[in-house]
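Everything quoted here is computed from the prediction, not taken from an experiment. We name chains A, B, ... by the order of the sequence lines, and we start the count at 1 in each one.
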There are 2 protein chains.
Amino acid sequence: MREFKRKARVLLIDDNADHLRGIKELINIETSYEVVGTTTSANMGINLIKKYQPDLVLMDINMPEKDGLQAIQEIEKLELETKIIALSGYDDADLIFRAMKIGAKGYVLKTMASAQLIYAIDEVLNGKVYLPSALSSRFFEYFQRTFKEEAATQNEENLLNYLTSREEEVLDLLTQGNNYKAIAAKLFISETTVKTHVNNIFQKLQVNDRTQAVLYALNNGFANKVRAKISA
Amino acid sequence: MREFKRKARVLLIDDNADHLRGIKELINIETSYEVVGTTTSANMGINLIKKYQPDLVLMDINMPEKDGLQAIQEIEKLELETKIIALSGYDDADLIFRAMKIGAKGYVLKTMASAQLIYAIDEVLNGKVYLPSALSSRFFEYFQRTFKEEAATQNEENLLNYLTSREEEVLDLLTQGNNYKAIAAKLFISETTVKTHVNNIFQKLQVNDRTQAVLYALNNGFANKVRAKISA
DNA sequence: ACTTTCCTAAATCCATGGATGTAAATCAAT
DNA sequence: ATTGATTTACATCCATGGATTTAGGAAAGT
């Protein structure tokens, strides 16, 4: 099977030339891959990607001159089919999280066994997103810390629940930056009525002005709640 | 080593009584675990958790009467040391994502081999967050889809970049719901100066009022950018 | 039938917000 | 040395926002 497919084309970006050679050899041993280029410069790497459109990029994200994460973002903006695996010396949860967030399809530590890297490459080339189990564990902890408050507020005493459906509509328009006049026009009611609703909203949310009302709404999952309801 | 530690206390919640018995036997085979209770009702499960404070809960999240995810949220709100592993019949990415988001420490399919479940339990009891590789792969795809737009806006022509550092500070205070007077007091400058800054902000962000400015800021990653800078 | 809640609306009054123009002091860069 | 950007500040004027009170009709629950 495998030998009939064309070789996957891989590009390596790492500011350490020695490391670069090492990975290149490692990958060239695998008969199903072909290294189409190597470079120690992120900027050069981006140019090479535009030129060769490789299937996969191994990107060192601990480079001095240019931030590897930023480079990944730029590559993602090109909207190519090229998959990116981040290579890093650190298993820092924040780094892993950010890399995955901007679209890296994998994250492998430089200290990991080469078999691990090969496995990651295989998985990613097969369309999967792959994190070694030790790293995914870290990722999830970070993820849960990040979303804990959000999930918590989702359910605790939420002043938004006291709003009537009309007030929800008005607040929804407020959260889109409309003023009284615009809201009145969109709801086909008079401006004074809108003012009445907005004042009631202020009371219920215990805030003093529109901006605070909008902030309260956004911080308490209003969009998630209401857009579903209104568009349904 | 292991036999000197007290047995980990496990609670099972699954509306299918047969399945419940199956898991119970499976777990009791393991000498290091002890099933302290089983129930087919989510509400009863929550009561049992309050009473026994088990180390781990295996929670079926596909139950008709009460949503398992909701139950997990309620348990999390108790702020106990109890870890939760979600059991599900479906490898739906959205389900997995939501379960992990609200604090499940693991997610295992009912169709998976029992060894897989035992492994997950071990990992979670050791303080890790564990998703079988097939599911974590799905999770990451979903995660990246969810954050793609956010990451995209992060880098495209962002009007926030034209703000001076003082204007950033003012906008930051605006995004916290402050009015002119409050901002002036916090920055030790006059109210008219604040107005000047705010007007310049409006010009640069091409908006008409504070609410729109705040919304623009929030929608374009302002908090992420600035809080780091100011608190640093 | 009666009460309550919701949506609508207006009047009034005051506070706050926003637009515009002007200008001085500071500082970095050329 | 001069320019340009930034931060500070004020005046003025008008627009918008917000508080408060009152009130009628509709709908829903008791």
Which one, [options], comes nearest to the side chain of [X]?
{"X": "A:I189", "options": "C:dA10, C:dG18, C:dT8", "answer": "C:dT8"}
{"X": "A:R166", "options": "C:dT8, D:dG17, C:dA9", "answer": "C:dT8"}
{"X": "B:S165", "options": "C:dA9, D:dA19, D:dT7", "answer": "D:dT7"}
{"X": "B:K195", "options": "D:dA19, C:dG18, D:dT7", "answer": "C:dG18"}

Taking the ring centre of each residue, are A:F139 and B:F143 less than 6.0 Å apart? yes
Give a yes or no on whether the ring-centroid distance for B:Y107 and A:F140 is below 6.0 angstrom.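 Aromatic pair excluded; centres sit 6.0 Å or further apart.
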Figure out the [atom1]/[atom2] separation between [X] and [N], and round it to whole Å.
{"X": "B:R210", "N": "D:dG18", "atom1": "CZ", "atom2": "P", "value": "9 Å"}
{"X": "B:I201", "N": "D:dT7", "atom1": "CD1", "atom2": "P", "value": "10 Å"}
{"X": "A:Y162", "N": "C:dT4", "atom1": "OH", "atom2": "P", "value": "20 Å"}
{"X": "A:E191", "N": "D:dT16", "atom1": "CD", "atom2": "P", "value": "8 Å"}
{"X": "A:Q203", "N": "D:dA19", "atom1": "CD", "atom2": "C1'", "value": "9 Å"}
{"X": "A:N208", "N": "C:dG17", "atom1": "CG", "atom2": "P", "value": "11 Å"}
{"X": "A:Q212", "N": "D:dG17", "atom1": "CD", "atom2": "C1'", "value": "13 Å"}
{"X": "B:K204", "N": "D:dA5", "atom1": "NZ", "atom2": "C1'", "value": "9 Å"}

B:N199 side-chain N/O to C:dA19 phosphate OP1/OP2 under 4.0 Å: yes
Any side-chain N or O of B:Y180 less than 4.0 Å from the OP1 or OP2 oxygen of C:dA15? no
NZ/NE/NH1/NH2 to OD/OE distance under 4.0 Å, A:D60 and A:K110: yes
If the threshold is 4.0 Å, N to carboxylate O, is there a salt bridge linking A:E74 and A:K77?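 Result for this pair is no, no salt bridge flagged.
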Do side-chain atoms of A:R210 reach the backbone of A:N178 as a donor and acceptor pair under 3.5 angstrom?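 Confirmed, A:R210 side chain pairs with A:N178 backbone.
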Hey, does [X] reach any base, or is it just sugar-phosphate, or nothing, if we go heavy atoms under 4.0 Å?
{"X": "A:T193", "result": "base"}
{"X": "A:T192", "result": "base"}
{"X": "A:T164", "result": "sugar-phosphate"}

Mapping A:H197 and B:F202 to their closest nucleotides on DNA chain C, which lands nearer the 5' end?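 Its nearest nucleotide lies further toward 5', so the answer is A:H197.
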Most 5' of B:E167 and B:D209 on DNA chain D, judged by nearest nucleotide: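 Closer to the 5' end of DNA chain D: B:E167.
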